[in-house]
Asks: 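Can you read through this structure? Questions will come right after.
The chain is numbered in sequence order, starting from 1.
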Amino acid sequence: MKKNSCLILLITFSVSLFAQQNTNKPEREEWFMDLGFGMFIHWSLDSQLGAVISHSMVGADEVYLQKFINELPKTFNPKKFDPDEWAVLAKLAGMKYVVFTTKHHSGFCMWDTKTTSFNVMRTPFARDVVREIFDAFRKYDIAIGIYFSPDDLHYFYENNLPVTRAPKPLETPVGDKGMMDLNKSQLNELLTNYGKIDIVFFDGYPGGLNEYVWSIDPDIVVTRGEMETPEQTLPNQPLPGPWEACFTMGTDWQYKPTNDPHKTGTEIINMLIETRAKGGNLLLNVGPKPDGEIQIEQEALLREISLWNMANSESIHNIRPWAITQSDEMWFTQSKDGKTIYAFVQGGDNWKYGTRKELFFNNIKGTDNTRVSILGYDSQLIEYRPDVDAKIYFEIQPHGLKVSALNGQRFYTNNRWPNPIVLKIENAEYQK
């Protein structure tokens with residue numbers, strides 16, 4: 001009898017282990033891959049200093065840490081904070097989800113938490129930033145994601161542990177029960193008090209926190225901590241399954257007022273195209289100023305991306321990589337049903353406004369039902385030039401598809417739009 005009881009307990013324990021979710025749901029990963037483009041927001045109380053977010057605490061002396069923990073919160077008061085403006089910019093740019101730094105490595109919480117006094121409610125601002133951001137972005141049907149650091153430098157300091165991002169084995173959420181309990185309490189607040197949370201980004205070893213968030217909501221997609229999330233670089237080849245590239249517009253994640261050259265809009269758009277052609281999502285970062293505004297350089301870039309998105313959004317959302325990612329300096333994606341190919345052709349001096357371009361696709365086999373068009377442009381006319389034939393022509397040849405098209409959509413007054421033009425090729429096939 002005793003032997004049978006042990007066997008029953010063993011079977012029950014084994015079943016419970018297999019029943020526990022230990023990865024993202026496949027259908028939710030597909031949903032995530034459809035989104036394609038998201039807004040990353042790095043913002044905390046040390047934006048006032050223009051410093052790298054949180055990391056200035058590592059290696060700091062006692063005086064600096066005392067000022068950071070006790071004095072810096074007393075001056076955080078972003079009077080121009082308007083998350084609705086952030087959300088509108090994201091919506092226009094084609095961003096389908098947002099990931100906000102609810103708690104970065106410093107341990108400072110940007111919501112009304114009951115777990116620590118080191119939080120935004122103990123500042124002159126005294127408003128629940130997380131709630132306001134999530135409410136604003138939901139208004140524009142943007143999925144909600146939380147960035148959360150399992151490491152907590154404030155916890156290290158309060159418990160007389162080394163204030164470092166490379167802690168000893170026992171100084172992690174796995175090895176320190178107090179820190180694990182703190183993280184779980186904070187995640188429970190975020191996942192139960194702020195509406196539906198779609199995405200969680202763990203910046204640090206989660207050590208079981210993945211399973212904890214899935215126990216609260218099995219539909220949550222864990223990105224970092226569960227999938228590849230390269231920073232400031234793209235893989236040479238497509239990666240299997242979902243992945244997410246994280247990029248800054250300038251050189252830093254949080255607001256950096258000095259020595260911070262930004263990428264051009266064309267560089268960012270090309271980066272988005274390459275990421276999607278390789279099957280990944282692009283999580284593009286903004287670092288709001290300490291007063292709550294998005295800095296003008298980043299707003300300008302988002303508006304350039306918005307203009308490109310206005311014409312070309314269908315080529316980067318709800319798509320998958322095509323049989324080839326790139327050929328002759330062109331990138332490719334395809335619709336999920338495989339019936340449409342999108343070819344990204346470089347603009348600017350490579351294809352000037354008002355000029356016709358001959359393109360040959362030796363990897364595309366046309367059919368009787370093939371159609372070719374330019375996203376955002378109906379190829380019927382060009383402004384102020386009624387004598388110009390603006391129609392798009394294509395010819396199915398034995399070794400590929402030949403296309404003749406005019407770049408005729410006017411985006412800038414000086415007619416010097418530098419960004420890619422997208423050809424939509426329907427009912428065609430891949431040929432080797």
Side-chain angles (χ1 to χ4, degrees), residues 41-81 100-130 133 146-187 189-190 202-205 207 251-260 287-293 295:
I41 306 175
H42 276 72
W43 194 45
S44 192
L45 82 166
D46 48 345
S47 60
Q48 299 176 90
L49 306 175
V52 55
I53 188 169
S54 299
H55 293 274
S56 70
M57 294 178 71
V58 176
D61 63 15
E62 179 67 19
V63 174
Y64 186 93
L65 291 173
Q66 282 287 339
K67 289 180 179 177
F68 193 104
I69 293 169
N70 298 316
E71 298 301 321
L72 203 54
K74 296 177 181 178
T75 53
F76 186 69
N77 194 13
K79 295 181 179 179
K80 296 182 180 179
F81 173 61
F100 176 65
T101 51
T102 58
K103 184 187 78 167
H104 207 269
H105 307 314
S106 71
F108 186 78
C109 296
M110 297 292 280
W111 76 95
D112 185 7
T113 180
K114 303 300 185 287
T115 64
T116 176
S117 60
F118 196 46
N119 73 74
V120 71
M121 303 306 290
R122 301 297 183 93
T123 70
F125 193 55
R127 283 163 52 184
D128 192 328
V129 167
V130 166
I133 289 174
I146 66 171
Y147 166 109
F148 186 88
S149 171
D151 295 329
D152 190 314
L153 301 181
H154 177 258
Y155 177 91
F156 293 156
Y157 179 79
E158 292 291 302
N159 288 275
N160 298 312
L161 298 169
V163 178
T164 175
R165 273 282 2 258
K168 298 175 183 178
L170 293 181
E171 294 159 11
T172 66
V174 175
D176 189 307
K177 185 179 184 302
M179 184 156 46
M180 177 60 84
D181 290 344
L182 175 66
N183 283 327
K184 286 183 176 180
S185 296
Q186 291 175 343
L187 285 166
E189 287 181 342
L190 290 168
F202 286 119
D203 196 4
Y205 179 58
T251 62
D252 218 327
W253 298 97
Q254 191 166 240
Y255 173 63
K256 185 180 180 183
T258 56
N259 307 308
D260 193 25
K289 294 162 58 180
D291 64 5
E293 286 188 325
Q295 56 187 298

Asks: Please confirm whether the backbone N or O of Thr251 pairs with a side-chain atom of Asp260, one donor and one acceptor, at under 3.5 Å?
Replies: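 Yes; at least one donor-acceptor contact below 3.5 Å.
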Asks: Do the side chain of Thr101 and the main chain of Ile41 share a donor and acceptor less than 3.5 angstrom apart?
Replies: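 Indeed, once roles are kept as given, a pair shorter than 3.5 Å links the two residues.
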Asks: Taking the side chain as every heavy atom from C-beta outward, state whether Thr123 and Phe108 have any pair of such atoms under 4.5 Å apart.
Replies: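 Yes, side chains in contact.
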Asks: Does the Gln295 side chain pair with the main chain of Pro288, one donor and one acceptor, at a distance under 3.5 Å?
Replies: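 Judged by distance alone, no pair lies under 3.5 Å.
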Asks: Rounded to the nearest 0.5 Å, what separation is found between the OG1 atom of Thr115 and the CD atom of Glu189?
Replies: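 Here the interatomic distance stands at 5.0 Å.
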Asks: Could you check whether any side-chain heavy atom of Lys74 comes within less than 4.5 Å of a side-chain heavy atom of Glu71, counting everything from C-beta outward?
Replies: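 In contact.
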Asks: Please check if any side-chain donor atom of His105 sits under 3.5 Å from a side-chain acceptor atom of Arg165, or the reverse.
Replies: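 Side chains of His105 and Arg165: pair found under 3.5 Å.
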Asks: Measure the shortest side-chain to side-chain distance between Leu72 and Gln48 over non-hydrogen atoms and say whether it is less than 4.5 angstrom.
Replies: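 With C-beta onward as the side chain, the pair touches.
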Asks: What do the steps show when you test Asp291 against Tyr255 for side chain to side chain contact (heavy atoms under 4.5 Å, CB included), and what is the final call?
Replies: CA-CA 11 Å; Asp291 64 5; Tyr255 173 63; over 6 Å; no
Asks: Are the charged groups of Lys289 and Glu293 less than 4.0 angstrom apart, N to O?
Replies: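 Salt bridge between Lys289 and Glu293, a charged N being under 4.0 Å from a carboxylate O: yes.
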Asks: If you compare all heavy atoms of Gly204 against all heavy atoms of Pro150, which two are closest, and at what distance to 0.1 Å?
Replies: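 Heavy atoms of Gly204 and Pro150 come nearest at O-CG, 3.9 Å.
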Asks: Could you tell me whether the side chain of Trp43 reaches within less than 4.5 Å of the side chain of Val129, counting heavy atoms only?
Replies: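 A side-chain contact under 4.5 Å exists here.
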Asks: To the closest 0.5 Å, what do you measure between CG (Leu153) and CZ (Phe68)?
Replies: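 It comes to 8.0 Å.
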Asks: Would you check if Val120 and Trp111 make a side-chain contact, meaning some heavy-atom pair closer than 4.5 Å?
Replies: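 When only atoms from C-beta onward are counted, Trp111 and Val120 do not touch, as no gap falls below 4.5 Å.
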Asks: Can you tell me if Arg127 has over 12 outside heavy atoms packed within less than 6.0 Å of its CZ?
Replies: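 Result for CZ/Arg127: enclosed.
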Asks: Check whether any side-chain heavy atom of Leu161 sits under 4.5 Å from a side-chain heavy atom of Tyr155, and report yes or no.
Replies: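 Of all side-chain heavy-atom pairs linking Tyr155 with Leu161, at least one is under 4.5 Å.
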Asks: Should Ile53 and Asp46 count as side-chain neighbours, where that means a heavy-atom distance under 4.5 Å?
Replies: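 Counting from C-beta outward, Ile53 and Asp46 do come under 4.5 Å.
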Asks: So, Asn119 side chain and Met121 main chain: donor-acceptor pair closer than 3.5 Å or not?
Replies: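 Pair found, side chain donor or acceptor close to backbone of Met121.
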Asks: Mind checking the CG-CD1 spacing from Leu190 to Ile146? Nearest 0.5 Å is all I need.
Replies: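 It comes to 4.5 Å.
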Asks: Could you state the interatomic distance from CG (Asn259) to CG (Asp252), rounded to the nearest 0.5 Å?
Replies: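 Here the interatomic distance stands at 11.0 Å.
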Asks: Parallel, tilted or perpendicular: which one describes the rings of His104 and Tyr147, with boundaries at 30° and 60°?
Replies: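 Answer is parallel, since the angle falls under 30°.
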Asks: Does the salt bridge (Lys or Arg N to Asp or Glu O under 4.0 Å) test come out yes or no for Lys103 and Asp152, once each step is laid out?
Replies: CA-CA 9 Å; Lys103 184 187 78 167; Asp152 190 314; 3.1 Å; yes
Asks: Distance from Ser117 atom OG to Ile69 atom CD1, nearest 0.5 Å?
Replies: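 Between Ser117 OG and Ile69 CD1, I get 10.0 Å after rounding to 0.5 Å.
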Asks: Where do Glu62 and Tyr157 land on the side chain to side chain contact (heavy atoms under 4.5 Å, CB included) test, with the steps shown first?
Replies: CA-CA 10 Å; Glu62 179 67 19; Tyr157 179 79; 2.4 Å; yes
Asks: Of all residues at least two apart in sequence or in a different chain, which pass the side chain to side chain contact (heavy atoms under 4.5 Å, CB included) check with Asp61?
Replies: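 Asp61 satisfies side chain to side chain contact (heavy atoms under 4.5 Å, CB included) with Val63, Tyr64 once adjacent residues are dropped.
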Asks: Between Gln186 and Thr113, is there a donor-acceptor pair closer than 3.5 Å when you use the side chain of the first and the backbone of the second?
Replies: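 No; zero donor-acceptor contacts below 3.5 Å.
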Asks: Between Phe76 and Ser44, is a side chain to side chain contact (heavy atoms under 4.5 Å, CB included) present by the stated rule, with each step listed?
Replies: CA-CA 9 Å; Phe76 186 69; Ser44 192; over 6 Å; no
Asks: Which heavy atom of Pro257 sits nearest to which heavy atom of Gly50, and what is that distance?
Replies: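 Nearest heavy atoms, Pro257 then Gly50: CD-CA, 3.5 Å.
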Asks: List the atom of Met57, the atom of Ser106, and the distance in Å for their closest heavy-atom pair.
Replies: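 Reported closest heavy-atom pair: SD-CB, 3.6 Å.
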Asks: Calculate, to the nearest 0.5 Å, the distance between atoms OG1 and CG belonging to Thr164 and Asp151 respectively.
Replies: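 If we round to the nearest 0.5 Å, Thr164:OG1 and Asp151:CG are 9.0 Å apart.
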Asks: Would you say Cys109 and Phe118 make side-chain contact, with heavy atoms under 4.5 Å?
Replies: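 No - every pair of side-chain heavy atoms lies 4.5 Å or more apart.
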